[in-house]
Amino acid sequence: MMQSAPPLSSERTARSLPRNLKRFLGERSLLLGAAVLITVGLMALAAPLVSPHDPNAMKPSERLSEPGFSPEGVPPYVFGTDFLGRDVLSRIIYGARVSLVVGLFAVLGAGSIGVVVGAVAGYYGKWVDEVLMRLVDMGLAVPGLLLALVIVMLLGAGMWNVVLVLSATGWLGFARVTRGVTLSVKERDFILAARSYGAADSRIITRHLIPNLIAPIIVLGSQQLGVFIYAESSLSFLGLGVPLDTPTWGSMIAQGRSYLDTSWWVSTLPGIVLTITVLGAFYFGDGLRDALDPRLRR
Amino acid sequence: MLLYARRRALTSVISILGISVIAFLLPRLAPGDPALVLMSDDATDEIIEQTREFWGLNKPLYEQYYVFIVRAVQLDLGTSLVTGRSTIETVKDFFPNTIKLALVAWVWSVVVSIPLGILAALNRNKVPDIVIRLFAMLGRGMPNFWLGIMLILLFAVVWNILPAFGIGEGFFDQAKHLILPGFVLGSSFMALLVRMVRSEMLEVLNEDYVRTARAKGLANRVVIYRHALRNALIPVVTILGLEIGGLIGGSIITETVFAYPGLGRLTVQSIQGLDYPMVQTLVLIFALIYISASFIVDMLYGYLDPRIRYQ
Amino acid sequence: MSLKAVMAGSASLLLALVVACGGAAPAVPAEPVVIEREVIKEVPRDVVVEVEKEVIREVTKEVPVVREVVREAPSKPDLRPGKISWTSGQSLASPDSHVWAVGGDFQIFRNTFEGITQDTGYGTSGPALAEDWSLDPDNLTWTFNLRRNVNFHNGDPVTAEDVRFSILRLRDSPTGNLKFQAGHVEDVIVVDPETIRLVTKAPSPTNLLFIDAGRVYSAKQAEQDGERFFESFIGTGPWKFDEWVPGTKFSWVRNDDWWGDFADGAATNLEHRPIPEPATAVAAVLSGGVDIVIRLANEPAEKFGEAAGYHSVSRPSNANTAFCVKANTPPFDDAKLRLAMDYAIDRKSIVEDITGFGTALAVRSSPDSPWTPPELEPRFFDAERVQQLVSESNYDGMEFRFITRTRRTPKDVEIAEFMTATWKQLGLNATLEVLGDAAFSQRRRGGDYEIFLTSWGLTNPPHNFNAHMIGHQIGYHATHPDFQELTEAMATEMDPGKFDVMVQDIQRYLYNDPACYHIFTYPNLYGVSDRVQELVNVPGEIYILYDQTVLAPHSRGQ
């Protein structure tokens with residue numbers, strides 16, 4: 001579930017970002033991914049405005065109505081209704097909020113842990129590096145989902161617990177990438193020179209290390225966003241996701257699966273939206289990496 | 001080389017020890033009382049107390065850990081709280097099934113992804129690339145359990161050509177039972193591999209020696225197979241080894257959907273049953289599988305590429 | 001712009017559509033070959049019952065040709081003639097039938113083992129390994145005459161020693177949730193090889209009901225095989241243990257030496273296949289891998305009704321979905337709030353729409369049960385009443401922790417979700433948590449909840465109303481001296497007529513001051529391959545129909 005993204009041949013600097021706008025615009029995956037993510041983001045932000053129904057309003061007598069079902073006096077149920085007679089479309093729209101919040105905060109959490117651990121390990125080297133990398137090894141040795149299950153078993157379900165679980169299992173990739181970048185930055189001549197005349201660590205970190213980290217971390221982060229949104233649905237399937245009072249894509253797909261062969265829309269439509277979003281995040285990450293890595297551009 | 005092997009062996013042992021602490025501690029951090037798990041809703045306090053004593057849950061934590069480690073070394077990790085059977089024995093029952101499933105998933109994803117990755121790289125940003133990448137991405141973006149149920153509905157119920165669940169008896173029957181779960185389990189690995197092969201190929205195709213070879217007028221095919229592919233596959237091979245561990249982790253969902261009696265399903269059952277000894281054993285087993293796989297891969301890699309040993 | 005996205009979408013959609021359409025496709029109307037028959041006769045309680053024997057009958061050639069063509073598929077691995085297989089979510093957890101850790105194990109044990117009595121429904125017991133029995137005038141000493149010439153599956157004869165060993169083992173086992181069923185036993189005395197005398201600590205009207213849990217093992221074999229002797233599954237039941245592959249199957253062969261009579265056409269082999277994922281379990285039957293899937297929701301049951309080569313069976317059960325509040329701590333220590341909760345359940349929507357089957361309940365017994373006070377009606381949803389009662393109570397808007405467990409019954413999670421949302425609209429805030437069985441028990445026992453929803457058997461009042469049980473579950477009624485008095489009196493009342501009256505009194509008490517709310521009872525739906533001609537629950541012969549009927553042993557199939 002939570003493999004780290006493929007290695008980045010990165011450390012192109014962030015300073016080239018604005019200068020190469022054209023290059024970014026030329027990267028179709030990047031644009032496509034960005035478009036998907038922006039759409040989903042807007043959908044989440046404007047949920048109360050764009051959703052035709054109250055996502056939690058139930059009408060048991062109209063449960064499992066087909067997409068397009070249009071009773072008098074209310075907006076049509078474009079995506080049909082679920083097993084309690086709630087509007088699937090509205091729940092998807094509101095679900096975007098939770099899925100994105102879970103995904104983004106997990107990326108933030110995992111990213112912060114990973115970057116700090118990776119940077120410290122790479123920068124200070126020696127036994128610090130040794131200890132931290134053993135820690136990463138240990139983390140890698142336990143399948144992410146297994147660890148997530150065990151943690152949820154301990155903490156119980158809950159949106160923030162899911163964020164915590166994903167952060168706790170997802171930081172390893174960030175740590176590895178950061179360490180790699182840090183090591184290579186550290187070896188460069190100008191850094192060696194700067195250190196030799198006594199430049200402060202903090203200055204080296206803020207002036208040299210961080211700018212070099214931004215790009216690969218954004219690339220990895222956007223890919224992990226996809227991974228985390230996906231992971232939330234796996235947890236829901238195992239009954240360990242976000243509690244049911246909040247609509248999430250994961251729980252919609254998971255709960256609707258019992259109706260897959262009779263009322264396909266309940267599970268399939270949120271499934272499609274989730275898949276598109278996850279793909280969007282992957283495309284965005286891939287596109288960004290390609291755009292940042294001119295060697296791949298012939 | 002020997003020095004390198006020793007160093008790697010040492011770090012492996014450290015990892016395993018670290019994980020044994022985690023494995024031991026995690027379930028015990030849980031709120032509540034494992035003795036209660038065994039009881040139905042109507043047990044009296046007296047029965048609960050007896051149960052606690054029966055399972056030795058009254059001793060201090062460090063004593064429990066000492067017992068745990070000593071037993072672990074003797075390959076005796078206690079008995080399941082739910083079934084009363086030895087956890088190692090139980091793992092032995094389920095382990096081969098998971099290995100079979102992981103191998104099927106592994107083989108199909110490798111066989112499919114390498115040509116697809118190359119094809120995509122050679123046609124960068126053209127139709128084949130776009131289609132292949134989409135296909136690969138779908139493998140990672142579609143929830144596995146949903147994909148699994150869909151395939152069951154199609155192949156077992158609608159077309160009735162493949163079994164819906166479980167493992168078979170005899171070679172062909174077993175093989176048939178492995179197709180759907182193997183496909184589902186391998187799908188996300190396939191996606192990862194396609195992406196890797198593609199980007200490694202792209203990178204290698206841009207290396208100076210490949211460009212030189214092409215400039216020298218060597219036929220494209222020769223360049224691709226003789227030079228580019230071989231170099232592109234080195235990092236891929238690493239992932240191949242490491243991902244056996246990842247696949248076994250991925251089996252948690254797949255095996256649950258397909259009622260496939262492997263470690264993944266055992267994991268879900270044990271976690272739902274708050275079966276502490278079982279969960280501990282499984283965490284250790286998963287870690288052992290991963291650590292030994294990565295040790296072997298590193299050894300091979302170090303053997304193939306001497307530079308590695310000195311890093 | 002989002003061409004790829006559209007492609008991705010349509011690909012999935014296509015897949016879904018194919019499934020949706022294809023799933024409905026084989027709708028060749030099925031001849032109603034199946035005769036559903038009520039098997040267990042309505043009988044007065046506590047009379048030794050004569051049960052009409054029926055069996056799951058095998059059809060090999062009587063299936064119409066159309067169906068054979070439709071279902072002539074290459075992958076039918078396990079369908080040798082004479083074998084019946086069924087699937088449920090749980091695999092055998094504990095091999096010790098005196099422990100019984102998980103619900104699904106029950107069927108497996110019932111097929112393999114027998115006690116001296118067996119339940120025949122609704123609090124009635126019939127003979128099993130004991131042929132008949134008598135009770136001394138002191139109401140404490142029971143004499144059981146054992147059936148003669150009964151052998152264990154390994155050929156050893158069953159003796160009074162074995163019975164004594166088994167009942168006392170159950171009583172004294174350190175773990176096990178069946179232990180309480182022998183808690184009333186003072187001693188078991190071997191009179192002669194065919195007679196035992198069972199002495200209870202106090203008069204026990206439930207002795208015959210409970211003592212069947214003391215499933216009889218061979219004392220001799222236990223001595224030979226040591227501590228884990230039960231793993232060889234040697235019992236006396238109609239089905240002889242064949243093979244157990246953990247997580248995969250548990251299988252039996254017919255025990256032709258069984259003391260009872262098998263009906264003609266009875267299966268010769270029996271197999272249980274655990275499939276945790278309900279969607280897969282349904283598919284397993286529809287693809288021919290298994291014959292019977294138990295406990296369906298109404299949607300898949302309809303699908304079985306439509307699919308050629310399959311049918312669905314609806315069997316009455318005593319399953320009851322209910323929820324309880326923790327009534328001994330705020331805010332549910334307030335009687336008004338507790339009463340409000342009863343009016344806040346939309347039983348009608350639950351029965352008619354969400355589940356599509358069942359009967360709303362007032363108390364924990366079905367409307368036609370002798371234990372249901374005839375004047376009591378289920379309370380129906382009344383928002384105004386709820387709001388009024390809540391405003392008169394001391395409820396301050398606190399967030400209830402509402403716990404339930406995964407897939408105990410087909411739709412309990414949906415019901416819980418529905419109720420949570422309904423309560424929210426009424427200003428009663430609850431957070432729903434769906435837990436695994438073990439986590440649920442732990443939370444419940446730890447008092448880590450305000451409300452829990454569960455499913456349990458309807459008709460075991462001596463068990464249900466026992467002060468100790470209520471004390472554990474709610475910790476509330478047990479503290480009421482008058483309630484305690486009622487239950488204690490009932491627990492030792494040996495006169496059946498008086499017993500019923502007492503139970504009704506307790507029901508009224510619980511209805512007027514509720515702490516548990518009985519939502520509805522519903523039939524059990526099964527999806528069945530047409531290979532199986534008749535699916536009926538036959539006490540003593542075959543236990544596939546796992547449901548609360550069999551689970552909470554004391555029931556009758558209405």
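Here is the naming used below: chain letters follow the sequence lines, and residue numbers restart at 1 for every chain.
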Answer yes or no: is there an ion pair linking C:Lys83 with C:Glu271, defined by an N-O contact shorter than 4.0 Å?
yes
So, the part of B:Ile149 with a heavy atom under 4.5 Å from chain C: the answer is side chain
Atom group of B:Phe94 that falls short of 4.5 Å from chain C, counting heavy atoms
side chain
Among B:Ala164, B:Gly148, B:Gly166, residue most engaged with chain C (heavy-atom pairs, under 4.5 Å)
B:Ala164
At a 4.5 Å cut-off on heavy atoms, which part of C:Arg228 comes close to chain B: side chain, backbone, both, or neither?
side chain
Tell me, side chain or backbone of C:Ala279 under 4.5 Å from chain B's heavy atoms, or both, or neither?
side chain
Highest number of heavy-atom pairs under 4.5 Å with chain B among C:Val285, C:Val282, C:Thr248, C:Leu435 belongs to C:Thr248
Side chains of C:His272 and C:Thr87: does their closest heavy-atom pair fall under 4.5 Å?
no
Evaluate the side chain to side chain contact (heavy atoms under 4.5 Å, CB included) criterion for residues C:Arg443 and C:Glu433: first the C-alpha distance (whole Å), next the side-chain angles of each, then the deciding distance (0.1 Å), finally the verdict.
CA-CA 11 Å; C:Arg443 287 281 298 274; C:Glu433 284 174 79; 3.1 Å; yes
Do C:Arg405 side-chain atoms and C:Val434 backbone N/O form a donor-acceptor pair below 3.5 Å?
no
Residues at least two apart in sequence or cross-chain that pass side-chain hydrogen bond (donor to acceptor under 3.5 Å, both in side chains) with B:Arg265, listed by chain then number, are none
